[in-house]
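Below, each value reflects all heavy atoms present in this structure, side chains not excepted, and no hydrogens, waters or symmetry copies. Residue numbers run from 1 in the order of the sequence given. Predicted model only: the values in this text are computed from it and were never measured.
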Amino acid sequence: MFDVKKEAAALSAELETIYKDLHRHPEIGYDEHRTSGIIADYLRACGMEVQTGIAITGVVGTLDSGRPGKTLLIRADMDCLQVEEMTACDYRSENPGKMHACGHDAHVTMLLGAAKLLSAHRDAFRGKIKFLFEPSEESIPASMKETVRAAGYDGEGGAGFMIQQGVLEGVDMALALHVQPAVPAGKIQIARHEATASSDVYDIMLTGKGGHGAMPENAVDPVPAMAELITAIHMLPTREVSSMENCVISIGQVELPGSVWNVVPERAHIVGGFRTFNNDVRALLRQRIPELAEGIAKANRCTAVCTQTLGYDATINDEAMALEVSRTLENIVGEGNVILTNKPFMGSEDFGCFTQHVPGVLFWLGIGTGEDDKPLHNPYFKMDLNALPVGTACHVQNALHFLK
């Protein structure tokens, strides 16, 4: 076996160049045309069979060892956030209102580095590797909704769209990494089972009868109904879901459209979301929230319209694979630097769509330096460039381990 860490470290300058270029030119979901072009050209230069235009801008490069074995899929996401970058780095975003604030540019860079090393060492593994570059992991931007729906996809993230177009055919297992400032640089964190939560959205419009605030008896006020509904929704995790389940419900938007202080409003609007790891709990909440809305609205002489958006699936790590990943990655970051945890992360990740179909593992690559680290999705988020060869080495080490 070749020296994975040494060869990945030798790519550091090249990886940094790729990363800075991608960071300067962020692209939103399903509009990653420049990014996907760079990826496809790089994979072809590695001698791979390359498919482009999957789920509009997705790319898959297949590396065949020429020897029978399993097929491993390794995913990187490509899209940026619609955030104005506030860092002072010399490679900051050149696209106004767009920024790689979630590290997807680093994910692409690391996987390209792994593709280069593994293509140069096809004799070191058996079977095939699919290097998958996913569009729109951050959900569909409003400007791209019409394009995506016209292409025949009614889901949210790019993973489901790519799966719909057949990328999991013949795949035995899947892996992905995500950079994480909350984990110290040089360390890796892996959830044994529940990695990231599902994420669904509900939107409720309560309608009464507007009127003058001085004469509420001549109106039908939706505000008391809204207040009751807010309380009832917040009670769901504690009274209708087992205390043994991880479940979060939030209400992030409350408004009285077009109302002023001395008016009984005609409408009251609530938007929120819920997260869980259990599909039965997910189904329960999808049923109960509209039932509560309709029942409370009726009791208050109002009507309710509840629309729901089915978001991301929970990412459920395969426990046996997670243990294997934790052991083999000690070869990259050192003994004691891989944290295997039972504590889940309530944020969401579109990789969960893959783990609903094949055994897989998502793990967190630490980039925290302890010097005012900004979280993901922050306009001041900054990548630790020293992590680029580490992430590349992790991908290579995993591939060599699972495709012995």
Find out whether [X] and [Y] are in side-chain contact, i.e. whether some heavy atom of one side chain is under 4.5 Å from a heavy atom of the other.
X	Y	answer
Glu245	Phe277	no
Ile140	Arg149	yes
His107	His178	yes
Thr52	Thr57	no
Ser259	Arg267	no
Thr303	Leu206	no
Leu22	Ile38	yes
Pro379	Glu84	no

Say whether, by atom type as modelled, one donor and one acceptor occur between the side chain of [X] and the main chain of [Y] under 3.5 angstrom.
X	Y	result
Glu137	Asp350	yes
Asp31	Ile28	no
Glu32	Ser136	yes
Ser65	Arg67	yes
Asn95	Lys98	no
Glu134	Ala159	yes
Asn317	Arg192	no
His25	Asp21	yes
Ser198	Arg275	no
Thr109	Asp105	yes

* Can we call the ring centroids of His23 and Tyr19 under 6.0 Å apart? -> yes

* **Derivation and outcome, salt bridge (charged side-chain N to carboxylate O under 4.0 Å, His left out), residues Arg282 and Asp313** => CA-CA 10 Å; Arg282 194 179 184 189; Asp313 294 315; 2.8 Å; yes

State, to 0.1 Å, how close [X] and [Y] come at their nearest heavy-atom pair, and which atoms those are.
X	Y	result
Pro389	Leu385	CD-O, 3.8 Å
Ala393	Val4	O-CG1, 3.6 Å
Asn378	Ala101	O-CB, 3.7 Å
Met110	Thr392	O-OG1, 3.0 Å
Gly47	Arg122	O-NH2, 3.2 Å
Leu118	Ala399	CD1-CB, 3.8 Å

Side-chain donor-acceptor pair under 3.5 Å between [X] and [Y], yes or no?
X	Y	value
Asn342	His193	no
Gln308	Asp203	no
Gln397	Thr328	yes
His100	Glu85	no

* **Criterion side-chain contact (heavy atoms from CB on, under 4.5 Å) on His212 and Val263, from CA distance to verdict** => CA-CA 5 Å; His212 198 289; Val263 163; over 6 Å; no

State plainly whether the residues [X] and [Y] are in salt-bridge range, i.e. N to O under 4.0 Å.
X	Y	answer
Arg286	Glu291	no
Asp372	Lys374	yes
Arg34	Glu27	no
Lys298	Glu294	no
Glu324	Arg327	no

Heavy atoms of other groups near [X] [atom1], more than 12 under 6.0 Å:
X	atom1	answer
Met244	CE	no
Glu217	CD	yes
Lys128	NZ	no
Met346	CE	yes
Lys145	NZ	yes
Phe2	CZ	yes

* Stepwise, does the salt bridge (charged side-chain N to carboxylate O under 4.0 Å, His left out) test hold for Arg126 with Asp64? -> CA-CA 8 Å; Arg126 305 180 67 87; Asp64 191 340; over 6 Å; no

* **Arg24 vs Arg92, side-chain contact (heavy atoms from CB on, under 4.5 Å): CA-CA, chis, key distance, verdict** => CA-CA 6 Å; Arg24 287 191 185 100; Arg92 68 193 307 273; over 6 Å; no

* Asked: Can you check side-chain contact (heavy atoms from CB on, under 4.5 Å) on Val390 and Ile188, steps first, answer last?
  -> CA-CA 10 Å; Val390 178; Ile188 288 169; 5.6 Å; no

* Would you please test Asp41 and Arg44 for salt bridge (charged side-chain N to carboxylate O under 4.0 Å, His left out) and show each step? => CA-CA 5 Å; Asp41 288 345; Arg44 289 191 187 102; 3.5 Å; yes

* Just do the side-chain contact (heavy atoms from CB on, under 4.5 Å) check on Arg75 and Leu175 with the steps written out, would you? => CA-CA 6 Å; Arg75 185 220 67 171; Leu175 293 168; over 6 Å; no

Output side-chain donor-acceptor pairs under 3.5 Å for residues 219-231, partner residues at least two apart or in another chain, one line each.
from, atom 1, to, atom 2, distance (Å)
Asp221, OD1, Val223, N, 2.9
Glu228, OE2, Asn300, ND2, 3.4
Thr231, OG1, Ala227, O, 3.3

* To do: For the residue pair Tyr153 and Phe161, categorise the inter-ring angle as parallel (less than 30°), tilted (30 to 60°) or perpendicular (more than 60°).
  => parallel

* To do: Measure the OG-CG distance between Ser93 and Leu81 for me, rounded to the nearest 0.5 Å.
  => 11.0 Å

